Amino acid sequence: MAMRQTPLTCSGHTRPVVDLAFSGITPYGYFLISACKDGKPMLRQGDTGDWIGTFLGHKGAVWGATLNKDATKAATAAADFTAKVWDAVSGDELMTLAHKHIVKTVDFTQDSNCLLTGGQDKLLRIYDLNKPEADPKEISGHTSGIKKALWCSEDKQILSADDKTVRLDPIKSFEAPATINSASLHPEKEFLVAGGEDFKLYKYDYNSGEELESYKGHFGPIHCVRFSPDGELYASGSEDGTLRLWQTVVGKTYGLWKCVLPEEDSGELAKPKISFPETAEEELEEIASENSDSIYSSTPEVKA
Amino acid sequence: MQTPLTTTVPVLRLPRGPDGLSRGFAPDGRRALLKPVVPEIPESQESRESQEQRARAALRERYLRSLLAMVGRQVSFTLHEGVHVTAHFGATDLDVANFYVSQLQTPIGVQAEALLRCSDIISYTFKP
């Protein structure tokens with residue numbers, strides 16, 4: 001019997017969520033940071049979506065946000081012409097890096113010693129975080145504003161994109177029904193998830209290119225999609241101001257999702273029976289209905 | 001085709017959102033032990049007072065515990081004019097104004113029971 005995906009909605013932002021990033025797996029689990037046009041990036045526990053704290057300090061929309069591998073530092077890129085580095089444990093601001101235009105993207109190196117920034121001034125900058133007063137190394141070459149920049153090949157190369165499509169020798173390409181804004185590859189390279197202008201999320205088999213699943217759930221275009229470091233869930237940020245967590249394997253017990261086997265002998269619609277004592281049946285119904293997308297006229301398409 | 005028997009995946013609860021009051025990063029959160037202990041910003045008047053109060057309370061508690069530890073032990077008192085006496089400590093009164101002692105060894109003999117005025121005592125010492 002197929003189970004319907006129950007996305008977990010993380011509320012708290014008041015404007016579109018434009019960027020998201022997960023940390024690596026730490027002894028305390030993994031974490032998620034979200035960049036929002038309301039200027040207040042938030043840190044959440046990665047497997048449950050629980051809010052941990054909000055980084056306060058930017059004076060404009062935050063376009064990019066990232067965490068270092070062990071989630072001890074966060075970096076944000078904003079429309080106030082600065083990139084900021086934060087202590088992700090205490091929430092305190094560690095440094096402000098002034099730029100000459102809107103900053104759109106930030107990325108830490110694996111060892112957290114350097115920060116890459118890029119933005120509307122068309123320059124890539126590399127800051128040595130051990131010497132923040134020193135001038136950053138600047139790399140020019142882009143002819144329009146930089147939208148995204150990432151370290152790759154063990155921090156030996158930088159991959160960056162501006163308004164014109166940048167491709168790194170395409171090995172695979174996937175057809176999607178609508179304009180895609182963001183995609184993420186599963187850590188084990190089994191799946192790819194993508195989301196864009198039609199408010200839907202699509203899941204593709206990486207090897208065959210077949211569309212496996214698609215989900216409606218957001219009320220606006222999807223700006224960013226990321227897989228968690230363990231590949232068990234993916235997060236999507238939207239124009240509707242919410243962040244949603246989706247299971248990679250629907251029905252698996254993980255984080256806040258609890259697998260339950262319906263009664264075999266019941267002929268009618270089986271109501272999930274949960275054994276934990278503190279939750280009343282009514283409470284569960286409430287939770288289920290809050291999460292089920294009852295507003296939609298059609299059900300999410302699920303391809304087995 | 002939609003199967004009428006599909007159920008949605010049950011969840012334990014919804015993700016917790018911001019509390020609307022603070023910026024978060026709770027001191028009792030999962031990673032509390034990783035936080036730096038000493039704040040660098042200068043403290044406000046209010047917190048200095050409460051810090052002093054906490055220090056005073058801690059010292060008071062230590063003193064009261066030291067008195068408890070003294071009960072039944074041999075204590076040496078240093079009084080005025082270079083006088084030293086020893087006795088078995090019994091108790092103190094509420095204001096620590098007098099010490100009730102027994103077997104007080106004085107230069108002119110042993111007193112079975114006595115009250116030592118604390119204002120007469122310069123210092124005292126004992127081994128727990």
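Convention: sequence-line order gives letters A, B, ...; per-chain numbering from 1. Being a predicted model, the structure only gives us computed values, none of them experimental.
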Which of these, A/T54, A/V89, A/L43, sits in a side-chain contact (heavy atoms from CB on, under 4.5 Å) with B/F25? A/L43
Does a sphere of radius 6.0 Å around NZ in A/K40 hold more than 12 heavy atoms from other residues, nucleotides or ligands, not counting ones at 6.0 Å or beyond? no
Identify the heavy atoms of B/V9 and A/G251 that sit nearest to each other, and give their distance. CG2-N, 3.6 Å
Sort out for me which of A/G91, A/G12, A/G49 touches chain B most, counting heavy-atom pairs under 4.5 Å. A/G91
So which heavy atom on B/R16 is nearest to which on A/R44, and how close? O-NH1, 4.0 Å
Is it the backbone or the side chain of A/Y254 that comes under 4.5 Å from a heavy atom of chain B, or both, or neither? neither
Heavy atoms of other groups near A/E133 CD, more than 12 under 6.0 Å: yes
With rounding to the nearest 0.5 angstrom, report the CG to CG distance, B/L14 to A/D50. 10.0 Å
Side chain B/R23, main chain A/L56, donor-acceptor under 3.5 Å: no
d(B/T8 OG1, A/M3 CE) to nearest 0.5 Å is 7.0 Å
Just so I understand: if I count every heavy-atom pair under 4.5 Å between each of A/K252, A/M42, A/Q45 and chain B, which residue has the most? A/Q45
Are the side chains of A/R244 and B/P15 in contact, using a 4.5 Å heavy-atom criterion? no
